[in-house]
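Read through the structure below, which is laid out as structure tokens, and then see the notes.
Quick caveat, the model's predicted, so the values are computed rather than measured.
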Amino acid sequence: MSTAEMEPLTSGASNRIIPILKTLRTSLVFVQTILISLLLLLFPRRRISPRMSSDSMPQSPTKSSKRRSLWRLEEEDTLRRRALAEGIDMADGDFQCRWGTYLFFGVRRNALFCRSWLPVTGELKGILIIIHGLNEHSGRYGQFAKQLTSCNFGVYAMDWIGHGGSDGLHGYVPSLDHVVADTGSFLEKIKSEHPGVPCFLFGHSTGGAVVLKAATCPRIEGMLEGIILTSPALRVKPAHPIVGAVAPIFSLIVPRFQFKGANKRGIPVSRDPAALVAKYSDPLVYTGPIRVRTGHEILRISSYLMRNFKFVTVPFFVLHGTADKVTDPLASQDLYNEAASQFKDIKLYDGFLHDLLFEPEREEIGQDIISWMEKRLEYQF
């Protein structure tokens, strides 16, 4: 597959998020949109008089029925995605492990779709908990799980809200802080089920940002032996400075809105053509334009982490491809240089792209991760 053929594929959390100026026909329309939004914020509609109860006000059956219809469509879509997630075969070929799926209820009582892979024989060396990247899902990590279980590591994975088989509008993340909190609760549950077994968190791309922020919480860090980050979203930039300025406003007014044309010319994320086809033909991978709130949340968590690298003390291993055009490998280098962690490592793969575990050299990269966890356990014990 040529580069020209791969360009239409979407790529998730790009380092040039929400290319809004390209989606509007003229700058005048853009300015008008901002002005109207500001006016709505500054001069909200008059509240109902206390003398007039809401019951006496004329109701809009159209609005009410529209809300119910949207809720039904969202629920139907969630059930459809959950059925697809359940249908993924995680035990292909000689995959010798015990695997399963179940629902975990997050901090806001959302049903989150989870997977587990455990070795059939042998004592667990440790457990790796996978937090996937933006727009993808946990079912994509079956081969990596197979490699881990063959080395006596257990694996758990959780689909974020709005992803895979979990509750929520597909591709919509109301708050990455909720994902951070869900990650902490999921880790706590697994620790209670496997007392004494060392646990690691793994995060890819925006999932890497989630894992890093979770690990800055002393309670969560205390439950971990370390974290692994592949291509973390640490220095995410808006397409234009004005986008960063108006993103908070738009995320409040039209959080679910999708900018037309956003993500249409995606960036290739793997040098393996088959991996690209598999990813973007997967119905559980969200390929629509990024939603306003989701984009704002990525900008927000990225900005927070960049300001707080020096407070990172958790043991970590960060891996990044030098040719990654989705997230910034130099930001990973900055994390390594600035973090206060005593046990830390970085590996930059020359010429590799964003989805490291789906590159042609995925087995070598998986082994690098396993070797780092084993080294960490030897150091610890």
Side-chain angles (χ1 to χ4, degrees), residues 85-104 112-132 136-159 164-165 183-204 207 211 215 220 222-230 275 278 284 314-317 319 343 345 347 355-381:
E86 287 279 9
I88 297 175
D89 185 5
M90 292 285 106
D92 59 321
D94 59 348
F95 199 163
Q96 298 299 315
C97 76
R98 291 181 289 117
W99 67 279
T101 62
Y102 58 95
L103 293 180
F104 169 72
L112 304 173
F113 188 85
C114 302
R115 302 179 188 276
S116 64
W117 299 262
L118 295 169
V120 175
T121 59
E123 186 178 348
L124 278 180
K125 291 181 184 177
I127 290 172
L128 182 68
I129 299 161
I130 295 174
I131 305 298
H132 63 75
E136 56 166 0
H137 61 97
S138 62
R140 284 173 34 80
Y141 290 85
Q143 285 303 310
F144 182 41
K146 175 181 177 180
Q147 190 175 3
L148 288 157
T149 55
S150 70
C151 296
N152 276 15
F153 281 95
V155 184
Y156 286 82
M158 176 189 78
D159 291 347
T183 298
S185 296
F186 190 47
L187 168 63
E188 197 167 29
K189 176 181 184 295
I190 292 162
K191 287 288 287 185
S192 69
E193 293 174 353
H194 300 275
V197 179
C199 286
F200 297 85
L201 276 178
F202 167 95
H204 174 64
V211 163
I220 295 175
M223 293 187 280
L224 292 169
E225 300 306 321
I227 63 173
I228 297 99
L229 312 172
T230 56
L284 288 175
V314 67
F316 70 85
F317 181 28
L319 306 85
F343 194 101
D345 284 288
K347 186 160 185 179
D355 284 358
L356 288 178
L357 288 174
F358 300 89
E359 285 281 63
E361 300 83 358
R362 57 183 71 93
E363 290 286 329
E364 299 167 30
I365 294 166
Q367 188 55 55
D368 287 342
I369 292 170
I370 291 167
S371 297
W372 184 84
M373 289 193 293
E374 290 175 339
K375 182 175 75 169
R376 171 64 187 153
L377 292 175
E378 289 171 7
Y379 177 87
Q380 183 73 7
F381 300 105

For the residue pair Tyr102 and Phe186, categorise the inter-ring angle as parallel (less than 30°), tilted (30 to 60°) or perpendicular (more than 60°).
-> tilted

Presence of salt bridge, Asp345 and Lys375, under 4.0 angstrom | yes

Interatomic spacing from OH in Tyr156 to CG in Leu201 - rounded to 0.5 Å = 14.0 Å

Value rounded to 0.5 Å, distance of CD1 in Ile227 from CD1 in Ile131 = 11.5 Å

Closest non-hydrogen atom pair between Gly226 and Trp372, with its separation = CA-CH2, 4.2 Å

Any chance you could measure Leu128, atom CG, to Ile370, atom CD1, to the nearest 0.5 Å?
-> 9.0 Å

Between Ile127 and Val155, is any pair of side-chain heavy atoms under 4.5 Å apart?
-> no

Do you know the tightest heavy-atom contact between Gln147 and Gln367?
-> NE2-N, 3.3 Å

Side chains of Ile228 and Met373 in contact at under 4.5 Å (non-hydrogen atoms) = yes

Using 4.0 Å as the upper bound for N to carboxylate O, is an ion pair formed by Arg140 and Asp355?
-> yes

N/O donor-acceptor pair under 3.5 Å between Asp159 side chain and Gly165 backbone | yes

CA sep, side-chain torsions, deciding dist, call: Leu377, Phe200, side chain to side chain contact (heavy atoms under 4.5 Å, CB included) = CA-CA 10 Å; Leu377 292 175; Phe200 297 85; 3.9 Å; yes

Would you indicate whether Glu364, at its atom CD, is surrounded by more than 12 heavy atoms from other residues, nucleotides or ligands within a distance under 6.0 Å?
-> no

Measure across Met158 and Leu112 and return the closest heavy-atom pair with its distance rounded to 0.1 Å.
-> SD-CD1, 3.8 Å

Rounded to the nearest 0.5 Å, what's the gap from CD1 on Ile88 to CH2 on Trp99? Could you check?
-> 9.0 Å

Looking only at heavy atoms, what is the nearest atom pair of Val314 and Ala215, with distance?
-> CG1-CB, 3.8 Å

Qualifying residue for side-chain contact (heavy atoms from CB on, under 4.5 Å) with Glu225, from Pro198, Cys199, Pro315 | Pro198

Tyr379 and Phe343 aromatic ring geometry - parallel, tilted or perpendicular at 30°/60° bounds = tilted

When rounded to the nearest 0.5 angstrom, what distance separates CG in Leu356 from CZ in Arg362?
-> 11.5 Å

Any side-chain donor-acceptor pair under 3.5 Å between Glu188 and Ser192?
-> no

Closest non-hydrogen atoms of Val120 and Arg98, given as atom of the first, atom of the second and distance, are CG2-N, 4.1 Å

side-chain hydrogen bond (donor to acceptor under 3.5 Å, both in side chains) assessment of Arg115 paired with Ser138 | CA-CA 7 Å; Arg115 302 179 188 276; Ser138 62; 3.0 Å; yes

Least distance between heavy atoms, Leu124 atom then Pro119 atom = CD2-CD, 3.6 Å

Less than 4.5 Å apart, any side-chain heavy atom of Phe113 and any of Leu103?
-> yes

Test item: Leu229 and Leu319 side chains (from C-beta on) under 4.5 Å apart, heavy atoms = no

Report yes if the distance between the aromatic ring centroids of Phe144 and His204 is under 6.0 Å, otherwise no.
-> no

Between Phe202 and Tyr141, what is the ring plane arrangement, given parallel below 30°, perpendicular above 60°, and tilted in between?
-> perpendicular

Please round to the nearest 0.5 Å and tell me the distance separating atom CD1 of Ile129 and atom NZ of Lys189.
-> 10.5 Å

